[in-house]
Participant: 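This is the structure I have questions about; it appears just below.
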There are 2 protein chains.
Amino acid sequence: MENLDDTAIAHIANYFQALAEPMRLKVLNALRSGDRNVGELAELLGCTTANISKHLSLLAKSGFVARETRGNAVYYRIADPAIFDLCNLVCGQVGKRLAAQAEMAAKLVSAQGKD
Amino acid sequence: MENLDDTAIAHIANYFQALAEPMRLKVLNALRSGDRNVGELAELLGCTTANISKHLSLLAKSGFVARETRGNAVYYRIADPAIFDLCNLVCGQVGKRLAAQAEMAAKLVSAQGKD
DNA sequence: TGACTGTTTAACTAATTAGTTAAACAATGA
DNA sequence: TCATTGTTTAACTAATTAGTTAAACAGTCA
């Protein structure tokens with residue numbers, strides 16, 4: 001990562017941007033267990049098909065998911081399992097932070113109890 | 001990552017959001033080689049101190065960098081080297097994609113040449 | 001104290017984008 | 001063909017945010 005020009009930096013930022021949205025993370029998480037079509041995802045995640053479709057379109061454009069038409073439904077699947085390595089790494093980081101925050105909060109509560 | 005509630009998902013999205021900005025990636029990259037104060041970063045990256053300061057503030061709030069006052073300058077450093085594992089992973093992914101795109105482009109050009 | 005250097009914040013503008021609604025489009029089957 | 005089911009897109013609103021400028025704030029030294 002040391003020597004990166006602006007376009008490379010922009011690509012990396014785009015990559016992160018695609019993952020920086022709760023609903024898109026939910027979509028990716030839902031696809032973990034296998035292919036799903038748009039309607040299934042919409043019902044599963046409790047939102048409109050239009051909304052899901054837009055998120056899927058962005059995820060597909062960024063190469064995270066792949067599109068396949070079967071009958072008159074459109075199925076999406078994870079195109080690159082590497083994102084889960086990434087998400088697991090981040091989950092670990094976020095988990096550590098939340099644990100640290102919880103510990104801090106506990107200390108504050110206990111300190112408050114003492115005075 | 002399988003079983004995540006909404007707050008956990010939101011934390012992960014926030015984590016990615018902090019990294020989804022070219023200038024912030026540049027700041028983190030600049031801090032790779034050691035501590036820097038706000039003015040140094042501004043000059044190095046060619047933007048205003050106000051702008052850098054805002055990005056640093058966000059990165060600090062998200063726990064990516066740590067703040068330290070020395071004299072009347074404020075030095076920032078990477079707080080958690082784990083982000084570089086993350087960035088290296090993403091760089092690898094993005095690199096693969098760019099290579100694939102370049103190959104595709106080359107094929108298109110060669111196909112065009114043939115007809 | 002006051003001048004200075006360095007950093008942060010407030011107020012603002014311009015641009016992006018998640019979500020909604022309704023309309024368009026695609027694929028199947030009668 | 002038409003009706004039905006499923007998906008995508010267009011147009012819009014509301015909210016967020018990167019960057020700018022100028023003002024406020026903090027730390028050092030005379």
Side-chain angles (χ1 to χ4, degrees), chain A residues 6-7 9-31 34-77 79, chain B residues 6-7 9-31 34-77 79:
Chain A
D6 282 3
T7 55
I9 290 269
H11 274 97
I12 295 168
N14 272 330
Y15 192 100
F16 283 125
Q17 185 66 62
L19 299 174
E21 220 291 320
M23 188 56 79
R24 283 198 289 274
L25 291 177
K26 289 185 194 180
V27 167
L28 291 172
N29 198 36
L31 292 177
D35 305 17
R36 298 271 186 193
N37 66 37
V38 181
E40 286 169 350
L41 287 169
E43 176 160 12
L44 207 60
L45 303 178
C47 66
T48 62
T49 56
N51 189 13
I52 290 287
S53 178
K54 268 173 57 171
H55 284 304
L56 285 167
S57 158
L58 188 149
L59 287 171
K61 207 171 65 179
S62 309
F64 289 101
V65 300
R67 203 184 109 106
E68 185 188 351
T69 301
R70 289 213 291 271
N72 63 346
V74 178
Y75 283 77
Y76 286 87
R77 64 170 187 281
Chain B
D6 283 3
T7 56
I9 290 268
H11 275 97
I12 295 168
N14 273 330
Y15 192 100
F16 283 125
Q17 185 67 61
L19 300 174
E21 221 291 319
M23 189 56 79
R24 284 198 288 273
L25 291 177
K26 289 184 193 179
V27 167
L28 292 172
N29 198 35
L31 293 177
D35 304 19
R36 299 271 187 193
N37 67 36
V38 181
E40 287 169 350
L41 287 169
E43 177 160 11
L44 206 61
L45 304 177
C47 66
T48 63
T49 57
N51 190 11
I52 291 286
S53 178
K54 269 174 54 171
H55 284 304
L56 285 167
S57 158
L58 188 149
L59 287 170
K61 208 171 65 178
S62 309
F64 289 101
V65 301
R67 205 185 107 106
E68 186 188 350
T69 302
R70 288 212 292 272
N72 64 345
V74 178
Y75 283 78
Y76 285 87
R77 65 170 187 279

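A, B, ... follow the sequence lines: proteins, then strands. Residue 1 opens every chain.
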Participant: Measuring from A/Phe64:CZ to A/Leu28:CG, what's the distance to the nearest 0.5 Å?
Facilitator: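 Rounded to the nearest 0.5 Å, the CZ-CG separation comes to 7.5 Å.
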
Participant: Output the rounded distance in Å from CG (B/Asn72) to C1' (C/dT5).
Facilitator: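 Nearest whole value for this atom pair: 5 Å.
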
Participant: Rounded to the nearest Å, what distance is computed from the CG atom of residue B/Leu44 to the C1' atom of nucleotide C/dG6?
Facilitator: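 After rounding, the reported distance stands at 17 Å.
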
Participant: Would you kindly give the CG-to-C1' distance between B/Leu56 and C/dG6, to the nearest whole Å?
Facilitator: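 Distance check: B/Leu56 CG to C/dG6 C1' gives 13 Å.
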
Participant: Report the distance from atom CD1 of A/Ile52 to atom C1' of D/dT7, rounded to the nearest whole Å.
Facilitator: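 One finds 12 Å between C1' of D/dT7 and CD1 of A/Ile52, rounded.
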
Participant: Run A/Lys26 and B/Asp6 through side chain to side chain contact (heavy atoms under 4.5 Å, CB included) and show every step you take.
Facilitator: CA-CA 9 Å; A/Lys26 289 185 194 180; B/Asp6 283 3; 3.2 Å; yes

Participant: Between D/dT8, D/dG6, C/dG6, which nucleotide gets closest to the side-chain atoms of A/Ala50?
Facilitator: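 From the listed options, D/dT8 comes nearest.
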
Participant: Would you mind telling me which residue lines up with the more 5' stretch of DNA chain C, A/Arg24 or A/Thr69, judged by nearest nucleotide?
Facilitator: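 First, find each residue's nearest nucleotide; the 5'-ward one identifies A/Arg24.
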
Participant: Have a look at A/Tyr76 and say if it touches a base, only the backbone sugar-phosphate, or nothing, with a 4.0 Å heavy-atom cut-off.
Facilitator: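 Sugar-phosphate contact only.
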
Participant: To the nearest angstrom, how far is A/Lys61 atom NZ from D/dT8 atom C1'?
Facilitator: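 From A/Lys61 NZ to D/dT8 C1': 14 Å.
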
Participant: Show the atom names and distances, to 0.1 Å, of all donor-acceptor pairs under 3.5 Å that link a side chain in residues 49-62 of chain A to residues at least two apart or in another chain.
Facilitator:
unit_1, atom_1, unit_2, atom_2, d
A/Asn51, OD1, A/His55, NE2, 3.3
A/His55, ND1, A/Arg24, NH1, 3.2
A/Ser62, OG, A/Leu58, O, 2.9

Participant: Examine D/dG19: is either OP1 or OP2 under 4.0 Å from a nitrogen or oxygen in the side chain of B/His55? Give yes or no.
Facilitator: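 Affirmative; the distance criterion is met.
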
Participant: OP1 or OP2 of D/dT7 versus the side-chain N and O atoms of A/Ser53: is any pair under 4.0 Å?
Facilitator: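 A/Ser53 to D/dT7 OP1/OP2: no side-chain N or O under 4.0 Å.
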
Participant: Could you check how far CE of A/Met23 sits from C1' of C/dT17, rounded to whole Å?
Facilitator: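 Checked: the CE to C1' distance equals 14 Å.
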
Participant: Give a yes/no answer on whether the side chain of B/Asn37 brings an N or O atom under 4.0 Å of OP1 or OP2 in C/dG6.
Facilitator: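 False: B/Asn37 side-chain N/O out of range (4.0 Å or more) of C/dG6 OP1/OP2.
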
Participant: Which listed nucleotide (C/dT21, C/dA18, C/dA11) is nearest to the side chain of A/Thr48?
Facilitator: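 Between C/dT21, C/dA18, C/dA11, the one nearest the side chain of A/Thr48 would be C/dT21.
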
Participant: Check whether any side-chain N or O of A/Arg67 sits under 4.0 Å from OP1 or OP2 of D/dT7, and answer yes or no.
Facilitator: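 For D/dT7, neither OP1 nor OP2 has a side-chain N or O of A/Arg67 closer than 4.0 Å.
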
Participant: What integer distance in Å separates B/Lys26:NZ from D/dA18:P?
Facilitator: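 Taking NZ of B/Lys26 and P of D/dA18, I get 14 Å after rounding.
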
Participant: Quick one: label B/Arg70 by what it contacts on the DNA or RNA (base, sugar-phosphate, nothing), any heavy atom closer than 4.0 Å.
Facilitator: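 Nothing, no nucleic acid heavy atom in range.
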
Participant: Does B/Asn51 make a side-chain N or O approach to OP1 or OP2 of D/dG19 shorter than 4.0 Å?
Facilitator: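 Yes, B/Asn51 has a side-chain N/O under 4.0 Å of OP1/OP2 on D/dG19.
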
Participant: Without decimals, in angstroms, what is the distance between A/Glu40 CD and D/dT5 P?
Facilitator: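 The answer, rounded to whole Å, is 17 Å.
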
Participant: Are there more than 12 heavy atoms of other residues, nucleotides or ligands under 6.0 Å from atom CD of B/Glu68?
Facilitator: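 Enclosed: over 12 neighbouring heavy atoms sit under 6.0 Å from CD of B/Glu68.
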
Participant: In the structure I gave you, are the side-chain heavy atoms of B/Glu21 and A/Phe16 within less than 4.5 Å of one another anywhere?
Facilitator: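 No - every pair of side-chain heavy atoms lies 4.5 Å or more apart.
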
